[in-house]
Amino acid sequence: MQEILDAILSSDSTAADFAALKLPDSYRAVTLHKDEEQMFAGLDSRDKDPRKSLHLDEVALPELGPGEALVAVMASAVNYNTVWSSIYEPVSTFGFLERYGRLSPLTKRHDLPYHVLGSDLAGVVLRTGAGVNAWKPGDEVVAHCLSVELESSDGHNDTMMDPEQRIWGFETNFGGLAQIALVKTNQLMPKPAHLTWEEAASPGLVNSTAYRQLVSQNGAGMKQGDNVLIWGASGGLGSYATQYALAGGATPICVVSNDQKAEICRAMGAEAIIDRSAEGYRFWKDENTQDPREWKRLGGRIRELTGGEDVDIVFEHPGRETFGASVYVTRKGGTIVTCASTSGYMHQYDNRYLWMSLKKIVGSHFANYREAWEANRLVAKGKIHPTLSKVYSLDQTGQAALDVHQNKHQGKVGVLCLSPSEGLGVRDAELREKHLPAINRFRDI
Ligand SMILES: NC(=O)c1ccc[n+]([C@@H]2O[C@H](COP(=O)([O-])OP(=O)(O)OC[C@H]3O[C@@H](n4cnc5c(N)ncnc54)[C@H](OP(=O)(O)O)[C@@H]3O)[C@@H](O)[C@H]2O)c1
């Protein structure tokens, strides 16, 4: 592993040098163990501790298949799917691996008694499989997490529609929270040259998701002038949604839960901010009954902030707790676009407000190949910035996941894999200098 790292850190390594590197038989990776699937049975979600379920193990290097690449991972990031996996909710991810393993002898590699997690990476290509021409050893890359087979025409217009669509490192094995990862080469994209490894590894999953959900015609198709209500506006998804709203000439109305998070939204350029804790919204009177007066109170607050206007789009992901309010506050003809249900997936809303006011609920999930590429391109051009707040080492991934589980973090939490320290990997210092305050925005608070 040291030779691989030396080659990456050296400024004059060539593609031939990388191709000549001997690959190790095993590598260190953050794993879940199948025989621990039931370890949290009976506990409340909040009492399930990722530090107990996430292990740092030495695992065997997987065999490289056609159209794939082995990548030396310099840095990765924690996503909420790391939390879901580590607390075995809503289901154990080993079921995904078993199902994938039934598809073909090649996918059978993924069905193991351990699961290497991680759906983001920045690193360097080590080897490519048969049929790969666009990438070669030594290429500095980031990987998006869309894994598809594309053997069915269903996915040929929009790769998210492939019936064999999976999220790499969540529904497949050999993810990015490791020293080496296995990806399909169609997941690879150029690493933004002005960013460090850990910065480059952090936008991937959430940036692509926010792009499809808010900007793409497959999501809400946001346009200039739209008012966009963004739940969790300083969190993983929300910190990108806020940037997209501002960059696209829309007005974000940012919902957060404390002063620090409000300050971050202001630093991004947002002016309309709602502190849901300080303002004490209680959309549910009890477990089964919502309180429409609280929806109205939120709607009134939005009008105060917008000069009397309602929102064109609600960027939804908290789910059960907020969905009734989200449907209510959307303007006539507007869109509620949802990609998650963090607080519960059985939503309840008053349908009269939907149909009588001709509103739309749109489901959105990750991003297709092209959307992921466009979202990465915007980062590479310095138009959208990473929102990295804190970086952990690979052996502290459990703590990193706990921070996200407990909502103690801001933006994104990074993980150093092979990279020996933060701050490495910048190739375009000039572009970096231009955007440094924006790049460090989430670090400074
Ligand atoms: N479908 C997809 O492709 C996709 C992609 C990425 C993420 N997701 C899912 O989306 C969800 C959010 O992911 P993320 O990365 O943005 O997580 P995150 O970094 O934890 O951010 C979520 C934010 O939502 C807010 N929030 C949490 N619970 C809430 C509640 N009950 N009511 C109102 N606001 C609440 C919190 O902000 P405040 O406390 O400041 O309000 C939190 O910072 C997760 O469930 C994740 O699995 C789905």
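Below, all heavy atoms of this structure are taken into account, side chains as well, without hydrogens, waters or symmetry copies. We count ligands from 1, going down the list as the structure has it; atoms in each ligand are counted the same way.
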Under 4.0 Å between heavy atoms, the region of K261 that gets near ligand 1 turns out to be side chain
message: For ligand 1, which is the ligand I care about here, please tell me if T322 has any N or O atom under 3.5 Å from one of the ligand's N or O atoms.
response: no
Nearest non-hydrogen contact to atom 8 (N) of ligand 1 from the set N258, L237, N207, D403 belongs to L237
Requested in this report: Examine distances only and state if a side-chain atom of E89 and a backbone atom of S85 form a donor-acceptor pair shorter than 3.5 Å.
Outcome: no
Which of parallel (below 30°), tilted (30 to 60°) and perpendicular (above 60°) describes W295 and Y353?
perpendicular
Close approach of N79 to ligand 1, heavy atoms, under 4.0 angstrom:
no
Logged contact type for S257 with ligand 1, heavy-atom cut-off 4.0 Å, is both
Look only at interatomic distance and state if L205 has a nitrogen or oxygen under 3.5 Å from any nitrogen or oxygen of ligand 1.
-> no
Checklist entry - What about A340: any of its N or O atoms under 3.5 Å from an N or O on ligand 1? => result no
Is the shortest N/O to N/O distance between N81 and ligand 1 below 3.5 Å? no
Q. Between G236 and ligand 1, does any nitrogen or oxygen pair lie at a separation below 3.5 Å?
A. yes
The ring pair (Phe, Tyr, Trp, His ring centres under 6.0 Å) partners of H405 (sequence neighbours excluded) come to none
One should read off an interatomic distance between L121 CG and L188 CG, to the nearest 0.5 angstrom, of 7.5 Å
key: Any N/O pair H365/ligand 1 closer than 3.5 Å   = yes
Side chains of N79 and D120: donor-acceptor distance under 3.5 Å anywhere? yes
Under 4.0 Å between heavy atoms, the region of V83 that gets near ligand 1 turns out to be neither
Practice prompt. May I ask you to decide if the ring planes of F283 and W231 are parallel, tilted or perpendicular, using 30° and 60° as cut-offs?
Written response: perpendicular
Check your understanding: Should R276 be counted as touching ligand 1, given the test is an N or O pair under 3.5 Å?
Key -> yes
**Asked** For R320, does its backbone N or O pair with a side-chain atom of W284 as donor and acceptor, under 3.5 Å?
**Response** yes
Note to self: For K412, state whether at least one heavy atom is located under 4.0 Å from any atom of ligand 1.
What the structure shows: no
ask   = Would you call the rings of F40 and Y88 parallel, tilted or perpendicular if under 30° counts as parallel and over 60° as perpendicular?
value = tilted
Q. Is any N or O atom of S341, backbone or side chain, closer than 3.5 Å to an N or O atom of ligand 1?
A. no
Q | Exceeds 12 heavy-atom contacts within 6.0 angstrom, atom CZ of R282 | A | no
